[in-house]
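Per chain, numbering begins at 1; letters A, B, ... match sequence-line order. Remember, predicted model here, so these are calculated numbers, not experimental data. The analysis underlying the following values was restricted to heavy atoms, covering all of them including side chains, and did not include hydrogens, waters or symmetry mates.
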Amino acid sequence: MEKIKIKVNGKEVEVSPGKTVLQVLKELGIHVPVLCYYEPLMPQGSCRICVVEDRGVLKTACTTPVEPNMDIKTDTPNVINSRKLVLQLLFSERNHYCMYCEVTGECELQDLGYEFGLDHFEFPTFERKFPVDNTHDFIMIDHNRCVLCRRCVRVCSEVAGHYVLGEMERGIDTMIIADMNLPLGNSSCVSCGLCAQVCPTGAIIDKRSSYLGREIQSDIIYSNCDLCAVGCGVEIYKKKGANFIVKIYGDWNSEISKGILCKVGRYLSLFNNKERAVGIRVKEEFGFRKIHEDNLVSLIKSKLNNAVAYVDGSLFNEELELIKELFKGRVYSLYPNDSPIPSNINIEDLDNSNFFVIIGVDLNREYGTIGSFVKRNVIGKKAKLMVIDKELNSLAKIADYVFNIKDINIALDILNKEKEVTIIYKNLTESERSLLLSLSNAKFLHLPMETNSIGLQKLGIKHEKISAENVFVFGKNLEGIKDLPIKNSFMLIFTPYEDEELHKGDVIVGITDWFEREGTFYNLEGRKVKKEKVLKPTFDVIDLKEFISYMLGKTERIS
Amino acid sequence: MGKIKVASIWCEGCSGCHMSFLDMDERLVELINKGLELNATPITDLKVPDEGTDIGIIEGAVATDHHEEEVKMMRERCKIIVALGDCAVFGGIPTMRNYFTVDDLLKRGYLTTESTVDGKIPISEELGKHLPKTKAVNEVVKVDFYIPGCPPSADAIYHVLREVLEGRIPKLEGELLKYE
């Protein structure tokens, strides 16, 4: 495309048309202060902080496209005074008194105050009292701190696709509301927390991370969430020099999730209240006796003959490979892990889909990130949605078609007429599988039951029930032990958490989990993603990878 | 350079700003050697500033009619008024009471607190009456310089006084400008 000529601060430059003034200025390395502008969101131009002068007229840089013969000036007295006045008005409208605010030191409004050298309020302030909404489990909204930039409203609709936040009234009376002015805790909010991540002030804050420290006091670790098979990118803020996590943010640069995170990854992953399995216990006549790790090594060596191992999808690839090596391939999966119809679409392709079919899974409750991709296209871009489920699905209210799984034949008639459909499913019966495979215009996205189901598939670990003299179980979810043929077997269980199935074991070993271990797994697209180790274990547990490497003679222990 | 007379008062504040003033330590002697003269400060325990004082420093928000009177007197007698600390500059913590009426405030303070037994609201004529709203100093009189911060650092106070003593207009920037 032909370039156009504009003047910036007196210098002539050539720029590509179609860009905004702000984008051009950024490329030229000229700092323009912003408040309501946030890169992943559509610009809105509501705060008027980014104004620049073009041939004597003030224009918002974030929403004005470049056009030929522009004469942009970024720091004339007119521009500076206008920005200062806006800031003064913002500071006076609600309670922006930094001293008793949680985000002081990490607030974009406060930073602007310093940038423009505001040392006092020019207009009277603290006139009105706005409500504070503390009804939500994880998020608090303090309307007194709100600058009405609507980043939260935009991120909730454009990016997360939930369309929960909105606004009511006008002018100074404008309020950010959830649904039809419901308390956030009673609204349709699914707790993805993106609003708190993008809020520039202390208006929407994560309750859990409040007063735990600032970004500059944290080490930021980029990792992937391993709580489901999506593997969203996360930014983990770990307090410097301490062994705890301040907060988790979605990573805007993640190729998988592009900033989105669900309730599980952002909040629930930090509430780890399950009782840990600690130490190494051996069953004796009157209960369990603790033994030392060295004794465990010799015990395992004596039991490796005629042994099989069962694993679940919570294990990382490296751990699975080592287990396979130790048991010479006699490794089986506790749960079925094959995809009835393998995925042939990436998560990012969902944005190009015009017709979604969701079978047997409520995306507001599970796989929240996939839910965001679907919802933002269905509500925002008017893609069609068909929900097929046994019970009431929370996505049914936005769906164009809702069917019971029994009526899948009728649904297929409709799907056959579409150009292309994207089918997102979790479990299928054999007949449903063959019906869906008859569709010639379908793309499939399988949501596996476990985090590393695809890894188990790739390593050829099948779901079989084999009886053996010695049975080893490695995993987090021990439900599957119930179905194992273990009547006369000697059983060793390696697990991170206490479980009622543990009484069946003859030896129980507590292992690391949560943010204490690292490794890679395959997400539902088959992409290899890495989870980083963030915390040191505070329990007497062993690291499975280290331990088995040692068993195999690959590493030596430093004692 | 001649003497520069400085007076200071505290209104509704915690005196932290005056503590910060004293935190200038030996630099206070340096300023005095340069011509700073303190008349009427909570530190010297003299309560009324001289006529023709050069700099009047005000700590604390304006919360009662007494404060209002004192602040206005400062304005009359001093050439330059400096609002010192977040309470004087923005209204500060005392403005949290603006969300309630004076009646509610007095009732809560003197009658209904958990530790109070048979409380009474004081009614002495000598006590200042609460204004309906706590104000920052610039809502009552014209202020020439602002030193925000809770408390402002001794460095910031020193910077302002030294600049005035040396005949320049002080400007707070960078680390010296803090709201907390």
Can you confirm whether [X] is buried at [atom1], in the sense that more than 12 heavy atoms of other residues, nucleotides or ligands lie under 6.0 Å from that atom?
X: B:Y110; atom1: OH; result: no
X: B:R168; atom1: CZ; result: yes
X: B:I169; atom1: CD1; result: no
X: A:K240; atom1: NZ; result: yes
X: A:K73; atom1: NZ; result: no
X: B:E69; atom1: CD; result: no

In this structure, which one of A:H96, A:Q110, A:M99 forms a side-chain contact (heavy atoms from CB on, under 4.5 Å) with B:Y179?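 Passing option: A:Q110.
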Heavy-atom contact with chain B under 4.5 Å, split by part of A:Y100: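 When you check distances to chain B, only side chain atoms of A:Y100 fall under 4.5 Å.
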### Structural part of A:F121 lying under 4.5 Å from a heavy atom of chain B
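Both parts, backbone and side chain.
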Under 4.5 Å from any heavy atom of chain A - which part of B:E173: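 Looking at B:E173, nothing touches chain A.
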Item checked: Contacting region of B:K133 [heavy-atom separation from chain A under 4.5 Å] ->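 For B:K133, the side chain is the part near chain A, not the backbone.
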> Is any side-chain heavy atom of A:D119 less than 4.5 Å from a side-chain heavy atom of B:L177?
Replying inline: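 Yes, their side chains come closer than 4.5 Å.
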Point to revise | Any B:N138 side-chain heavy atom under 4.5 Å of A:H120 side chain | key: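 Yes, close enough: below the 4.5 Å cut-off.
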Worksheet item: What residue in B:I147, B:N98, B:L172, B:I93 has the most heavy-atom pairs under 4.5 Å with chain A?
Response: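 Highest number of pairs under 4.5 Å: B:I93.
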Check: Among B:G174, B:C150, B:G92, who wins on heavy-atom pairs under 4.5 Å with chain A?
Finding: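 Counting heavy-atom pairs under 4.5 Å, the top option is B:G92.
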**Study point:** Minimal non-hydrogen separation, B:F100 against A:K129, with atom names
**Key:**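 So the two residues come closest at CE2-NZ, 3.9 Å.
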